Structure formats: C-alpha cells, structure tokens
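What follows is a set of notes on a single structure, which appears directly below.
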Amino acid sequence: MNTAISLKQFEELALAVGNKTCLYMVGEAGIGKTATGANIFEKGKEVFGFKHYVYVDGPNVELGEGGIYMPNHESETTTFYPNESWRMHRGEPMLIFIDEFTKAMRSVQNMFHPLINERRFGPHKMHDNTVVILGGNNSSMGVGDAMAAHTRNRITEVPIRKPLAQEWCAWGYENGIQPLMMAFVTENPQLIESSYTDTTDEETLNIIFNPRKPQQSFFSPRSAHKASNIFKERDKFSDSVLRCALEGTIGKPATAKFLSFVRVADSLPTWKEIIDEPKSARLPDSPAARCILAFSALSKVDRSNISKWFEYLKRAPKELQALFCLSAKDHKQAKDILFSSRAFVDWARENQYLF
C-alpha cells in the first residue's frame with residue numbers, strides 16, 4: 001500500500017484538487033472517513049462554492065436508483081429523469097460523497113463511472129467545482145471491499161492512516177469525549193494508532209480490529225466515541241449494565257483494560273479538595289492517575305479557580321504540568337481561560353523549554 005496520510009491531510013488534498021480528480025480514501029473501519037465528508041463540505045463552501053452535500057450509501061444503492069428513462073411520445077424518444085435527492089441535474093457546485101463505494105454492487109460502481117471520470121451523470125454535466133469523493137475499507141480487512149482495475153484507473157487512491165492519539169484527543173475536546181476516555185487513549189496510544197498491518201503485540205491485536213481473529217466488537221476511534229457516550233451516563237445504571245454495554249461496544253479485552261484504568265481515578269483527590277486546599281491536596285503517584293487528573297481538569301478549570309489549580313499543579317511533577325498545559329492548547333474552553341490567566345503566563349515563562 002502507498003504511504004498513508006491523515007484525515008486532515010486528506011481534507012487539504014480534496015480542497016486543492018478535488019474538482020480535478022476523483023479521490024478515493026481507503027483505510028480501516030471506524031477511523032473517521034465518513035465524518036470527513038461533512039468537514040470538506042463546510043470548508044468547500046468557501047473554496048468551491050458548494051451548494052449541496054450529497055451522501056450516497058454505496059452498498060444500499062440499486063442499479064435503477066440513479067434515475068429512469070421516460071418516453072416522449074411526440075418525439076418518439078426517451079428522456080432521462082434523474083434521482084431528485086441526488087441533485088446531479090442542478091448544475092450547481094456540490095460535494096458528492098459515495099461511501100463504502102467498494103462494497104457497492106459491480107453494476108452500481110459501473111453506473112458511477114461517468115461521474116467519477118467525466119463529471120457527468122446520464123446527460124447531465126456536473127459543475128466544474130463539483131467534487132466527487134469515494135470511501136472504502138482496506139481489502140485485507142475481509143469485509144467485502146473490491147474494485148475492478150478499470151475503475152481504479154479512473155480515480156486517485158489515497159490511503160488513510162489511523163489517527164494519532166494526540167489528534168484523536170484534539171478532536172475529542174471539540175466533540176465532548178468523556179475526559180477519562182481521552183486519558184485512557186493518551187495512556188494507551190497504541191489502541192488508537194496501531195493497525196493489524198503493523199503490530200505483532202498480542203494484547204493490542206486482541207483489542208483492535210484483527211481480521212485473523214473472530215471479534216464481535218473491537219476498539220477503534222468510532223467505537224471509543226460510542227463507549228464514551230455510554231460511560232458519561234454511568235450514574236444511571238449499575239456497574240454490570242455498564243460493563244455489558246461497554247463490552248458490546250469496544251469488546252471484552254478493551255472493556256477490562258478501560259475499567260481497570262477507571263478504578264485508578266478513585267485514588268485521586270476530588271476537584272473540590274484541590275481547589276479548597278491546593279497546598280495540601282493529595283498528588284497522584286502513578287502516570288495513569290496523573291493522566292486522568294490532567295484531562296479531567298481541562299473541563300473543570302474556569303476563571304474563578306484557575307489560580308488555585310495552578311497553585312496545586314506546581315506541586316505536581318513536571319510531566320503532569322506539561323500534559324495539562326500542552327493539552328489545553330487544543331481545548332477551546334481551557335485554552336481561552338489559560339491564555340488570559342496570569343498564573344499560566346507565569347508558568348509558561350518559567351517553563352519555556354517545554355514548548
């Protein structure tokens with residue numbers, strides 16, 4: 001496989017040449033390929049003047065779904081009536097994202113050939129600034145992805161790598177991922193970053209997607225997001241229900257590892273203890289506990305308690321100080337508070353070597 005790039009780099013590529021070649025992003029399941037389409041559409045409104053975002057679910061498209069030919073009795077000819085919901089007859093700039101293209105029937109893939117190669121659907125020519133993107137999974141995953149050579153020659157294949165833990169957490173700040181889940185990923189980056197194609201670690205291969213071993217659920221950026229949503233509501237059901245739901249989302253091995261990590265949080269001082277007694281509140285001993293504390297603080301710090309938090313933080317090891325401050329630059333709420341705080345400015349001046 002060719003050199004893989006990140007989803008952000010794919011967005012940059014699509015916004016530069018997407019109206020000149022059909023880009024096919026291919027990678028593992030659950031790494032954010034589908035969500036990238038919405039990001040490209042929003043940015044493409046300015047770059048290409050997009051008017052519409054057309055999402056096509058490839059595996060669920062039937063051959064005749066694109067439109068039908070209606071008879072014209074006066075001219076004794078037929079006229080193509082396209083699918084109204086796809087808007088391919090409008091002649092306006094738009095983003096067309098055909099998801100799971102390589103799982104679509106071969107006849108459906110062939111139906112889209114004029115669109116991906118000539119920017120034409122039936123008799124309708126697409127606007128010059130229309131962008132067509134395809135999505136699919138690695139064929140080595142064994143989940144039914146296939147593309148003929150003559151189809152592949154019409155597109156630009158772009159392998160997408162899994163996100164780095166830091167990239168996923170930066171996204172998580174903006175999308176409400178539970179702090180303990182982000183701390184877990186930061187402490188165990190291999191669970192987000194590693195692929196079955198590049199690791200031989202048995203524990204990791206039991207947790208992430210592994211086509212060589214039957215799995216009902218596995219840990220991925222997507223399933224971690226879903227598990228985070230479940231964990232946020234853990235006060236509303238029993239521990240047994242929590243474990244059952246998590247196992248059905250990220251798998252048993254990942255659930256056991258995550259819940260063991262969560263138990264470390266019990267050794268931490270409460271936020272109230274830290275703010276009320278910053279000079280005497282307990283400091284965490286283990287790296288995992290420090291990671292949990294740093295990520296939890298990102299969502300709790302505000303203008304009223306920032307100075308007390310830094311009074312406590314300065315007592316902690318430099319690793320915890322750096323983790324909190326460097327993570328805060330990607331966290332919108334914490335970043336705004338920190339950059340206007342005298343306590344942070346003083347800390348940053350004293351620790352310039354960390355930046």
Side-chain angles (χ1 to χ4, degrees), residues 6 8 163-194 221 224-225 227-228 231-232 257-355:
S6 70
K8 183 177 180 180
L164 302 178
Q166 183 179 3
E167 293 171 341
W168 189 78
C169 288
W171 171 86
Y173 299 140
E174 302 298 326
N175 290 272
I177 298 296
Q178 211 279 343
L180 283 178
M181 180 59 75
M182 289 193 288
F184 177 68
V185 167
T186 299
E187 188 70 11
N188 300 276
Q190 74 280 5
L191 302 186
I192 284 286
E193 299 174 1
S194 294
H225 185 187
S228 167
F231 189 71
K232 284 180 185 177
K257 193 174 184 69
F258 176 63
L259 291 181
S260 294
F261 183 83
V262 169
R263 282 194 288 273
V264 176
D266 295 337
S267 66
L268 297 175
T270 66
W271 184 250
K272 186 176 186 303
E273 288 174 340
I274 292 173
I275 300 306
D276 288 350
E277 301 292 339
K279 293 182 179 180
S280 59
R282 288 169 295 144
L283 290 169
D285 295 324
S286 72
R290 294 169 187 168
C291 192
I292 292 171
L293 184 60
F295 278 89
S296 299
L298 288 172
S299 59
K300 296 176 180 177
V301 69
D302 59 34
R303 300 187 192 285
S304 68
N305 59 35
I306 183 67
S307 60
K308 292 290 187 180
W309 164 246
F310 263 93
E311 192 173 341
Y312 172 82
L313 188 63
K314 287 180 179 180
R315 295 173 47 221
K318 286 291 185 182
E319 292 81 3
L320 174 55
Q321 298 180 34
L323 178 60
F324 172 80
C325 293
L326 295 177
S327 298
K329 66 182 177 59
D330 294 319
H331 191 284
K332 189 176 187 304
Q333 174 186 321
K335 178 177 65 176
D336 292 343
I337 294 169
L338 256 64
F339 287 173
S340 61
S341 164
R342 180 58 183 268
F344 171 73
V345 171
D346 290 343
W347 179 91
R349 186 180 299 114
E350 295 170 6
N351 298 273
Q352 294 182 33
Y353 68 95
L354 293 174
F355 291 87

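Quick note: residue numbers are just sequence positions, from 1. Note that the structure is a prediction, hence the values are computed from the model and not measured.
- Phe258 meets the ring-ring contact (aromatic ring centres under 6.0 Å, His included) test with Phe184, Phe231; sequence neighbours excluded.
- With Ile192 as the partner, the side chain to side chain contact (heavy atoms under 4.5 Å, CB included) test is satisfied by one option alone out of Thr186, Val185, Leu164: Val185.
- The salt bridge (Lys or Arg N to Asp or Glu O under 4.0 Å) check on Asp276 picks up Lys272, with sequence neighbours excluded.
- Closest of all the heavy-atom pairs between Leu338 and Phe310 is CG-CE1, 4.4 Å.
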- prompt: Does the pair Leu191 and Lys257 meet the rule for a side-chain contact (heavy atoms from CB on, under 4.5 Å), with working shown?
  reply: CA-CA 11 Å; Leu191 302 186; Lys257 193 174 184 69; 4.2 Å; yes

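- Under the 3.5 Å distance criterion, the side-chain polar atoms of Asn305 are matched with a main-chain donor or acceptor of Asp302.
- Shortest non-hydrogen contact noted between Ser286 and Val264 is OG-CG1, 3.9 Å.
- Nearest heavy atoms, Trp168 versus His225: CZ2-N, 4.2 Å.
- In this structure, Leu323 and Cys291 approach most closely via the heavy-atom pair CD2-CA, 3.7 Å.
- The closest donor-acceptor contact from the side chain of Arg315 to the backbone of Ala281 lies under 3.5 Å.
- The main-chain N or O of Glu277 is never found under 3.5 Å from a side-chain atom of Tyr312 such that the two would form a donor-acceptor pair.
- The main-chain N or O of Gln178 is found under 3.5 Å from a side-chain atom of Ser228 such that the two form a donor-acceptor pair.
- Atom-to-atom distance recorded for Phe344:CZ and Lys335:NZ is 11.5 Å, nearest 0.5 angstrom.
- Using a distance-only test at 3.5 Å, with no hydrogens or angles considered, a donor-acceptor pair links the side chain of Glu193 to the main chain of Ala165.
- When atom types are taken as modelled, the side chain of Ser341 and the backbone of Ile337 share no donor-acceptor pair closer than 3.5 angstrom.
- Annotation: the span from Ile306 atom CD1 to Glu311 atom CD amounts to 12.0 Å, rounded to 0.5 Å.
- In this view, Asn188 satisfies the side-chain hydrogen bond (donor to acceptor under 3.5 Å, both in side chains) rule with no residue, not counting sequence neighbours.
- Taking both residues in full, the closest heavy atoms of Phe324 and Ala294 are given as CD1-O, 3.6 Å, listed atom of the first, atom of the second, then distance.
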task: Begin with the C-alpha distance, continue with both residues' side-chain angles, and end with the deciding distance and a verdict on side-chain contact (heavy atoms from CB on, under 4.5 Å) for Lys300 and Trp309.
output: CA-CA 10 Å; Lys300 296 176 180 177; Trp309 164 246; over 6 Å; no

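- Proximity of a side-chain donor or acceptor of Gln321 to a complementary backbone N or O of Ala316 within less than 3.5 Å is detected.
- Checking each of Lys308, Lys279, Arg282 against Glu273 for a salt bridge (Lys or Arg N to Asp or Glu O under 4.0 Å) leaves exactly one that passes, namely Arg282.
- Put simply, the side chain of Ser299 gets close to the backbone of Ser296: a donor and an acceptor are under 3.5 Å apart.
- Residue Asp285 comes nearest to Arg290 through the heavy atom pair O-NH2, 3.1 Å, listed as atom of the first residue, atom of the second, then distance.
- The number of heavy-atom neighbours closer than 6.0 Å to CD of Gln166, taken from other residues, nucleotides and ligands shown, is 12 or below.
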